[in-house]
Amino acid sequence: RERFDAWIGEQETRGRAFTEDQRRWLEMIRDHIAANLEIHHEDFDLAPFVQKGGMAAAHRAFDGKLKQILDELMGVLAA
């Protein structure tokens with residue numbers, strides 16, 4: 001959680017703000033990485049992601065920048 005909070009703070013310092021919807025997605029992604037040490041596209045077919053619309057909804061939430069977000073979070077949280 002500390003690494004995640006630090007990453008969020010860094011993003012905000014750089015002018016990257018997240019909407020409430022994006023924050024919910026980020027928290028789900030954080031929790032998945034914390035439990036599994038990684039995240040893959042097929043993981044979005046599982047709970048809790050699928051209940052929120054899965055991969056398509058995540059892509060929409062991040063305006064097509066989901067891969068970049070996942071790569072960054074994997075680097076920060078699984079390090």
Side-chain angles (χ1 to χ4, degrees):
R1 223 175 252 268
E2 287 179 27
R3 289 180 183 184
F4 176 79
D5 291 342
W7 180 81
I8 290 287
E10 181 181 310
Q11 300 306 304
E12 291 172 350
T13 299
R14 293 180 178 176
R16 185 185 209 179
F18 295 107
T19 66
E20 282 186 46
D21 185 47
Q22 289 172 329
R23 290 292 291 241
R24 283 190 293 273
W25 277 103
L26 290 170
E27 289 166 1
M28 288 187 299
I29 292 166
R30 174 200 65 203
D31 294 346
H32 185 87
I33 293 171
N36 300 285
L37 300 178
E38 59 188 359
I39 190 164
H40 300 284
H41 291 286
E42 55 270 9
D43 294 328
F44 286 83
D45 293 332
L46 306 172
F49 306 111
V50 74
Q51 285 93 349
K52 301 292 185 188
M55 181 61 74
H59 272 292
R60 281 192 303 276
F62 292 102
D63 299 320
K65 296 179 181 152
L66 180 62
K67 181 180 179 346
Q68 176 186 347
I69 296 287
L70 294 177
D71 289 346
E72 287 180 32
L73 283 175
M74 287 276 296
V76 169
L77 302 177

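Just so you know, these numbers use all the heavy atoms, side chains as well, and skip hydrogens, waters and symmetry mates.
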For residues 62-75, please give each side-chain donor-acceptor pair under 3.5 Å, one per line with the distance, not counting sequence neighbours.
from: K67; atom 1: NZ; to: D71; atom 2: OD2; distance (Å): 2.8
from: Q68; atom 1: NE2; to: E72; atom 2: OE2; distance (Å): 3.0
from: E72; atom 1: OE1; to: W7; atom 2: NE1; distance (Å): 3.2
from: E72; atom 1: OE1; to: R16; atom 2: NH1; distance (Å): 3.2

| task | Taking atom CD of Q51 as the centre, report whether more than 12 heavy atoms of other residues, nucleotides or ligands fall under 6.0 Å from it. | result | yes

What are the two closest non-hydrogen atoms of [X] and [Y], and how far apart are they?
{"X": "W25", "Y": "A57", "value": "CZ2-CB, 3.7 Å"}
{"X": "L77", "Y": "R30", "value": "CD1-CA, 3.8 Å"}
{"X": "P48", "Y": "M28", "value": "CG-SD, 3.6 Å"}
{"X": "L37", "Y": "A78", "value": "O-CB, 3.4 Å"}

| side-chain hydrogen bond (donor to acceptor under 3.5 Å, both in side chains) partners of H41, counting only residues at least two apart | none

| said: Within the 4.5 Å heavy-atom criterion, are I8 and L26 side-chain neighbours or not? | reply: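 Yes. Closest side-chain heavy atoms under 4.5 Å.
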
| task | Start with the C-alpha gap between I29 and F44, add the side-chain angles, then the distance that decides, and say whether side-chain contact (heavy atoms from CB on, under 4.5 Å) holds. | result | CA-CA 9 Å; I29 292 166; F44 286 83; 4.3 Å; yes

| said: Between K52 and E27, is the salt bridge (Lys or Arg N to Asp or Glu O under 4.0 Å) condition met? List the steps. | reply: CA-CA 13 Å; K52 301 292 185 188; E27 289 166 1; over 6 Å; no

